[in-house]
K.L.:
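Structure incoming, see below.
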Amino acid sequence: ETGVTQTPRHLVMGMTNKKSLKCEQHLGHNAMYWYKQSAKKPLELMFVYNFKEQTENNSVPSRFSPECPNSSHLFLHLHTLQPEDSALYLCASSQRLAGGYEQYFGPGTRLTVT
Amino acid sequence: GDSVVQTEGQVLPSEGDSLIVNCSYETTQYPSLFWYVQYPGEGPQLHLKAMKANDKGRNKGFEAMYRKETTSFHLEKDSVQESDSAVYFCALSDGGSTLGRLYFGRGTQLTVWP
């Protein structure tokens, strides 16, 4: 595997379910990010991790719970979601958590909440 | 705060037409500027970048000049191809920041007619 991978690619879940999204980066990067991409809205930064420590939580509801066990893996645990949480969830990584470094994105998980 | 405004909605040139997608930014710092491209079913990927004023980013016939005096980073191409069809995002990263945050525009859907 190369780059940033995400699983699953598609997920349908009910409002009472609990599920997790997984991201893995094979680039040796130190910073990882979760974004939400909804139709007609700009990319929304959700969480930032640097050397597996959370550095930013962008006012995300507690029904989204991130986990970063090491610099290569990032999870997003989901529970009691709402239909408006349906979106494409993108994981990204960058070499360093500093300005000027580009971010590398995974293909995303298309989430549908029913 | 930092922000990016770009041509919104769809741009519908024919193959062989020239293209300009506008991008203007606001920041009090020293940004690096990026264009990302997103194809259907994929995450955004870096298309080109410019790290400082008067730098020109280039990729696959596209160019963008980092103009500090007009705070702009317009994406240009002399002759577009059908394969260029995608969503393009302008983004900035605060070069003096330790947060590594990318500020994205809302995206421009480029659809090139054959």
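Residue numbers start from 1 in every chain, and the chains themselves are labelled A, B, ... in the order their sequence lines are given, proteins ahead of strands. Since this is a predicted model, take the numbers as computed values, not measurements.
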K.L.:
Regarding A:Tyr33 and A:Ser94, is there a side-chain donor-to-acceptor distance under 3.5 Å anywhere?
P.N.:
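A:Tyr33 vs A:Ser94: donor-acceptor pair found between side chains.
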K.L.:
So which part of B:Gln38 gets closer than 4.5 Å to some heavy atom of chain A, the side chain, the backbone, both or neither?
P.N.:
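Side chain of B:Gln38 only, per the 4.5 Å heavy-atom cut-off to chain A.
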K.L.:
Please state whether the side chain, the backbone, both or neither of B:Glu42 comes within less than 4.5 Å of a heavy atom of chain A.
P.N.:
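Looking at B:Glu42, just its backbone touches chain A.
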K.L.:
State, without any angle test, whether A:Asn30 and A:Ser71 hold a side-chain donor-acceptor pair at a distance under 3.5 Å.
P.N.:
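Side-chain D/A pair, A:Asn30 to A:Ser71: absent.
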K.L.:
If you count heavy-atom pairs within less than 4.5 Å of chain B, which of A:Leu90, A:Leu43, A:Asn50 leads?
P.N.:
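Maximum pair count with chain B is reached by A:Leu43.
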K.L.:
Over all heavy atoms of both residues, which pair between B:Gly107 and B:Val87 is shortest? Give the atoms and the distance, please.
P.N.:
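Distance-wise, the nearest heavy atoms are CA-CG1, 4.2 Å.
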K.L.:
Tell me, side chain or backbone of B:Tyr36 under 4.5 Å from chain A's heavy atoms, or both, or neither?
P.N.:
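Contact with chain A: side chain only.
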K.L.:
Given that the side chain runs from C-beta out, which part of A:Gln37 has a heavy atom under 4.5 Å from chain B: side chain, backbone, both or neither?
P.N.:
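Only the side chain of A:Gln37 comes within 4.5 Å of chain B.
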K.L.:
State, without any angle test, whether A:His26 and A:Thr2 hold a side-chain donor-acceptor pair at a distance under 3.5 Å.
P.N.:
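Checked: A:His26/A:Thr2 side chains show no N/O donor-acceptor pair below 3.5 Å.
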K.L.:
Using a strict 4.0 Å threshold on nitrogen-to-oxygen distance, state whether A:Asp85 and A:Arg63 make a salt bridge.
P.N.:
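Looking at A:Asp85 and A:Arg63, the cut-off is met.
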K.L.:
Pick one of side chain, backbone, both or neither for A:Arg110, based on which atoms fall under 4.5 Å of a heavy atom in chain B.
P.N.:
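For A:Arg110, there is no contact with chain B at all, as no heavy atom is under 4.5 Å.
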